[in-house]
Amino acid sequence: MTETTVTEPLVVEETETRRGYAGRSVPRKEDQRLLQGEGVFVDDVKRHNMGFVHFVRSPYAHAKIRSVDVSKALEHPGVLGTLTGEEAALLTDPFFQISSPPGAHLRDFCLAVGKARFAGEPVAAVVATTRETARDAAELVEVEYEPLAAVTDARRALDDESPVLHDEAGTNLTWEGVYEWGDLDAAFAEADRVVKISELHVDRFNSTPLECNGALVEYNRGTGQWTIITNNQFPGFAAIMMGPAMRVGLDKLRFVTQDIGGGFGNKITSHPQLVACCLLARKLKRPVQWTEWRTDFHLSMSHGNERWFEDTEVAVKEDGTLLGFRTTALDDAGAWLRYEPLGGVIWAQVTPGMYRWRNIRLDFKQVVTNKAPCSPNRGYSRMQHLWFTERIIDIVAHELELDPVEVRKRNYIRAEDMPYETPNGCVYDSGDYAQMLDTALELVGYDELETRRADAEARGRLLGLGIGSTLDSGTNNFGQSRLINPELQFSGNNEVATVKLDIFGEIVVTLGTTPQGQSHETTAAQVVADMLGCSIDDVNVRAGHDSYWNSHAGFSGTYASQFAVTGLGAVRGATELLAGEMKKLASVVLGCSPDDIELAEGQARMKANPEAALPFMALGAIINANNAGLPEDLDVTLNCRYVYRPPFQPPDVERKFGNLTLTYAAQVHAAIVEVDPETGVYEIVDYAAVDDCGVRINPQVVEGQVMGATAQAIGAATHETFTYDEDGNLLTPNFYDYHVPHALDMPPLRTGYLESASPFTSMGTKGMGEGGGAGIHAVCAALQDALRESGNPIVYDSCNPYHRVWELLSDPESSRQRVNVESR
Amino acid sequence: MLLSEVGYVRPETLEQALEVLAEHLGARALAGGQTLINVMKARAASPEVLVDLGGIPELKGIELGADGTLELGPMTTYSELIASAEARARPILGEVCAQIADVQVRNRGTVGGNVCASDPTNHLPPLLTALGAELTVAGSGAERSVPASEFFLGVYMTAVGPGELLTKISIPPGRADGFASVPIGVDGTCIVNAAASLNGGARIALGCVGAVPVVVEPESTEADAVRGAVRDAGLEPPSDVHASADYRRHLAEVVAARAVQQASERAA
Amino acid sequence: MAAPVVTSQTIRVEVDGTTYEREVETRRLLVHFLRDDLDLTGTHIGCDTGNCGACSVIVDGTLLKSCMLLAVQADGCSIETVEGLAEDGQLSEVQQAFADHHGLQCGYCTPGMLMSATALLRGNPNPSDEEIARAIQGNICRCTGYWNIFKAIKAASGQEVPE
Amino acid sequence: MKVAGERGFEAPREAVWRVLNDPAAMAATMPGVESFDVHDDRHWRANVKIPLGLGTLGMTMDLEKTEEREPDFASLAIKGNGVGAIMNMTTAFNLSDQDGGTKMDWEAEVRIAGPVGSMGQRVLQPIVNQQVQQVLTALEEQVRKAQAG
């Protein structure tokens, strides 16, 4: 079933951290509790007297709400109270909008006010003594709707006859921006061929973490503070959204998370539901608990951005040298802008993909439709753009009868070009893409491709190979938000850690992050143990996040491939401070200079005389419990906090130019598919994933991320789709119809890696985890390759369920009409 | 999750079960619950009373008669059927049951529940139709036997009327059977499926193309004849997110031919 | 005389060796009973259609999804959950193999996955790769892509695992 | 979801028309009608329990005659409200003479919103088709009854 080969590292930088725990696959600290069912996930938390929240959801994709009558629900035995949109509009202000006008004008509350804009949108909430009763009562809430026409196709959103979702905005075009770098006219003048692609489509899906959203909210009337026990993965963002809306300072919002059952970006935008819970906890004077069920999640939470690429033109030389492209990206944000329109700039972190073309124009238009709101999903906005650039490569190669492998190699940014500044001022830090491609091809058995093709043909199958190459840009410069809205006062990034030495010698690490399976407790402990010269078992990393601990910063959370840089950067900084203090303290006790002290084997000892040593326990005890007589000027607390701040400048808003992210991990995947030409059914028969995320702190953890992202990509490429009918009903609201990969769907996988240390980070690490989009591109490319002899259809959609492959097989011409090659 | 309020009773005999069903018009039989409980979670259907058939011994068991007829108690789980030596008399039964959902569902789900749910994507309605099974239905009056081809009346509707229960599934002897499907992924819901049996003339029953299995009887087992017969059957399959009506019509031809081919190989 | 129709009932179940007696509404699913009434929160919920398998438990020796069973249907049964797999804090072989081979990330599907693996190995101590995949086809994992889970189960069965 | 078809009746057009416009006769054609209230000659309300094998789907249906051209054309708008499902249906029929009897061309567009609407996509179309066939068969019966009576 599975065979995994890890190739030898091709580039290994010797670093200081490589000697100890770092670089090794040490066992995970998280596993003991998780394996015994003793993790604490949000729905596991209970409080005395808590009430259960159930949301009343709009059945209509678009409807005026004429009235909401909760009287029957309130009479139902066991019901504790309700909340309506009208109440919410009185008690809160609309959420802050990231967008410049017209998107800025949206009035978004925690419940629908006056109008429902997607099927499944919460309209009211009911609280009762049991979960079942809350649902019973929710059915008794009488909502009078006046159904309105819905618009579910972004391409129709700007038609005169299409309904406008938000009257305040006056249009469904909520944000647009023109990005242009280089000299397009010159590029097209120089081109031998211009390949025109009329339309490509990145489908709507998300990573469907197995645990849905939830919260338990308590309100302390004495202090006016809410404690929000939740699985939101970006509390820093939730706080910024919620505080102003609830008209309170951020100290009134205490966020607590422990174990989170997967996030993948989909747990960033639960702030509307959290606000509803806060209002209910205050109104009902008791803790309230909300658990989102699977159907609720599919209907209403965090769909990945759906994007159309219209009227693409690619300038290319006869030999396949790519000169540039222009296109219009039409992004479908769904009904609300809950994290959008940041997707309108995030893609620009990877503007040229992995290629050296310098002349690029992209007109970005984002529209709202009567579908669930979009928010980040693994590979957020870059995945869509990289799928597009990879599709260009394969289409150009096929149309020009060139080898897609050669076209990639000819155009890849070269190892010797690193660090490479892209046309829009981003700096790719390191990497060797061509080398990765060679490794991937070797792993997938490229040499035997033609033999295998013939063998498949003899069995009545069409075999194809496809490559997907991507970047996983990590550690955002939030200054890029100014390209969306110059008024915004965000830039840079930060993360926090505290490391302390406690009274009995315990090392306690507190992170600002909110991991959802990324093993932060383990990797942080590896780094700390190495730096303090102690056993990893002596390092206690607190599970989860609690904004009470003072270990959080404005951008705290776990998102956007950054822990290995920001999280570990903070851990490293705090540990360095602590190590310095420990040495200073030891030097005072031992009567020497701090420079004479080393930390090793759980002791602070004199380098020259290791017998003169203080165990960590002694250091902890002296400062915390036995400190009389210490010099007055000894500035040692053994409790160190460090904020890591990556070296960013705000980008140039006028030119839309600047470094938008710090690190660029890379992935090259290769897939082999076999298609049954009679049905369009296909199978991925071989798969290779090569990853380069710089120095790996824990190779097993890194490989786990690569595997998981790959599986998600395979799901997205094959069956996972949030498809709506024209009335705005979601047709895939559960795991019956939304088919995620099962164990039997998995192809054999071989993995390989490179380690190109990042010159921009202290340990050479790069953020990683989101590069799996490569799998979508690889499967699309493999399908197009497999179908070449069957009328040479163009794979134009990111999701290719059997029916779409059948359509390509039975009518290749329709897809071919999307492409036109002009010779110059 | 979170069902509506529902009455529950677990009778110990068939008579008791029929009595409760007759008493409560809103009562529904609860077999393995692997469909019904999910429908109740969605609150798409809310029976007033669930009559749990799990405690009735006479609804269980697999017997192979002297003439080769296989008699299945409707409360036989898929796993029991797969493991049954008797059931191997008609190998296709175990093979198809092994394709249903997953281990957990096969451990709990029952053959009777599968046919009585009559979901158009289920495996057993077309299979039993193709095999020429007879289903015994008991009510307050006499038992009656209904051929599978007349048993399925619609989506979620069968010849088992109010106050009645399916008590036995009888399958005639034979080996020349086949089954083919196109599921979503390797093991998801069927997009189209087909069962074929060549025991006395070729009979194909197609699933997922209408409310009930569609029977097609081709003149020969040649692929072209089979496909032609399916084409001529005037299928009106539904369109949904997984397949258009046209694609389903096409797949119906392909899976029918494949099921017949498998059956032919076993007839040889 | 037919048994009476009830809407709540006192049931007695043994869970991981402890016997519990509770009155429960007939509509309450076994998984809610375990999690909310008995506070045994190791068993998880990942969907509402019986697809994901996070709620898998072993009832009287049979692997089931506890979201497709009413609690009252488990009356008199003996139930094994993830919380009973380790003995005196010592992980079972399957649990240890999951740790050794990084067969879990967020840990949310893990309890159900462990129950499926445990049930498999009881009945089939030497499963093939195909049998392992079939045994967990009813358990959805969104983090690992299953590959490391295959390895873990194979290792737990004492078979060699290619690294 | 659109469904359409034609149906022949062995009765004169006026007789068919009368049945189609008689609330009581129409109520008898609808599956699972528990109560039927006539508000006025254009507005009716029915409480139905659509019988499905797994239970019943309860709905309150408001029927409104939106257009009428006696004795050959009428259209109705029907709004159904139930737990988890909202149904909006528009239907129209056209009667013409045919071989001494009457031919009815009909069409209906059914839209179902809410969790049931999306959950049950794979089964809803067959259900709707089947319910429509049942209504038409029952309608035939009513026409025959009216002729006989």
Side-chain angles (χ1 to χ4, degrees), chain B residues 1-13 15-24 26-27 30 32-43 46-55 77 79-80 83 98-109 113 185-189, chain C residues 1-9 11 24-32 35-36 45-77 112 115-117 119-120 123 131 133-140:
Chain B
M1 316 320 286
L2 314 180
L3 312 186
S4 292
E5 197 168 81
V6 64
Y8 174 81
V9 59
R10 186 179 155 99
E12 286 168 4
T13 66
E15 289 67 40
Q16 286 177 3
L18 290 170
E19 211 174 297
V20 189
L21 284 167
E23 252 171 51
H24 301 272
L30 174 62
Q34 306 298 285
T35 301
L36 179 54
I37 288 183
N38 285 326
V39 173
M40 290 173 69
K41 285 179 199 167
R43 298 200 175 184
S46 295
E48 286 154 29
V49 175
L50 290 175
V51 183
D52 184 351
L53 305 180
T77 65
S79 292
E80 286 164 351
Q99 294 174 32
I100 295 172
D102 52 54
V103 188
Q104 293 94 318
V105 169
R106 291 194 291 272
N107 283 343
R108 184 80 189 168
V186 174
D187 61 341
T189 310
Chain C
M1 186 59 206
V5 172
V6 295
T7 54
S8 82
Q9 188 178 322
I11 62 168
V24 60
E25 277 193 283
T26 52
R27 61 161 149 175
R28 182 149 274 212
L29 298 170
L30 178 60
V31 68
H32 291 311
R35 292 181 49 78
D36 293 344
I45 298 170
C47 74
D48 47 16
T49 47
N51 292 85
C52 83
C55 66
S56 298
V57 296
I58 296 175
V59 178
D60 284 346
T62 304
L63 181 75
L64 302 174
K65 292 180 178 174
S66 60
C67 75
M68 290 193 284
L69 198 69
L70 305 175
V72 290
Q73 292 184 283
D75 188 16
C77 291
M115 298 318 287
S116 291
L120 165 72
E131 285 167 338
R134 289 208 166 273
I136 58 165
Q137 72 177 122
N139 294 78
I140 291 173

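Only a predicted model underlies this, so the values are computations on that prediction, with no experimental measurement involved. Protein chains get the first letters and strands the later ones, always in sequence-line order, with residue 1 at the start of each.
Heavy atoms of C:Q73 lying under 4.5 Å from chain B belong to its backbone as well as its side chain. In this structure, chain B has heavy atoms under 4.5 Å from both the backbone and the side chain of C:Q137. Proximity to chain B is limited to the side chain of C:V31, based on heavy atoms less than 4.5 angstrom apart. Proximity to chain B involves both the backbone and the side chain of C:L70, based on heavy atoms less than 4.5 angstrom apart. Only the side chain of B:V105 has a heavy atom closer than 4.5 Å to any heavy atom of chain C. Using a 4.5 Å cut-off between heavy atoms, B:S4 touches chain C through its backbone atoms (N, CA, C, O) alone. In this structure, the portions of C:L63 lying under 4.5 Å from any heavy atom of chain B include both its backbone and its side chain. No part of C:L120 comes within reach of chain B, as not one of its non-hydrogen atoms sits under 4.5 angstrom from that chain.
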Checking side-chain contact (heavy atoms from CB on, under 4.5 Å) for the pair B:L3/B:K41: CA distance, chi angles, key distance, verdict? CA-CA 5 Å; B:L3 312 186; B:K41 285 179 199 167; 3.8 Å; yes
Go through the steps to decide whether C:T49 and B:N38 satisfy the test side-chain hydrogen bond (donor to acceptor under 3.5 Å, both in side chains), and finish with yes or no. CA-CA 5 Å; C:T49 47; B:N38 285 326; 6.0 Å; no
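Closest approach of C:V57 and C:S66 over heavy atoms only: CG2-CB, 3.9 Å. Scanning all heavy atoms of the two residues, the minimum distance from C:T26 to C:S8 falls at CG2-N, 3.8 Å.
In terms of heavy-atom pairs under 4.5 Å with chain C, the best-connected choice from B:N107, B:V103, B:V49 is B:N107. Between chain B and the options C:D48, C:T7, C:T62, C:N139, heavy-atom pairs under 4.5 Å are most frequent for C:D48.
In this structure the side chain of B:M40 reaches within 4.5 angstrom of the side chain of B:L50, judged on heavy atoms.
No donor-acceptor pair under 3.5 Å is formed between the side chain of C:K65 and the backbone N or O of B:Q104.
Residues B:R10 and C:D75 are not paired through a salt bridge, judged by the lack of any N-O separation under 4.0 Å between the basic side chain and the carboxylate.
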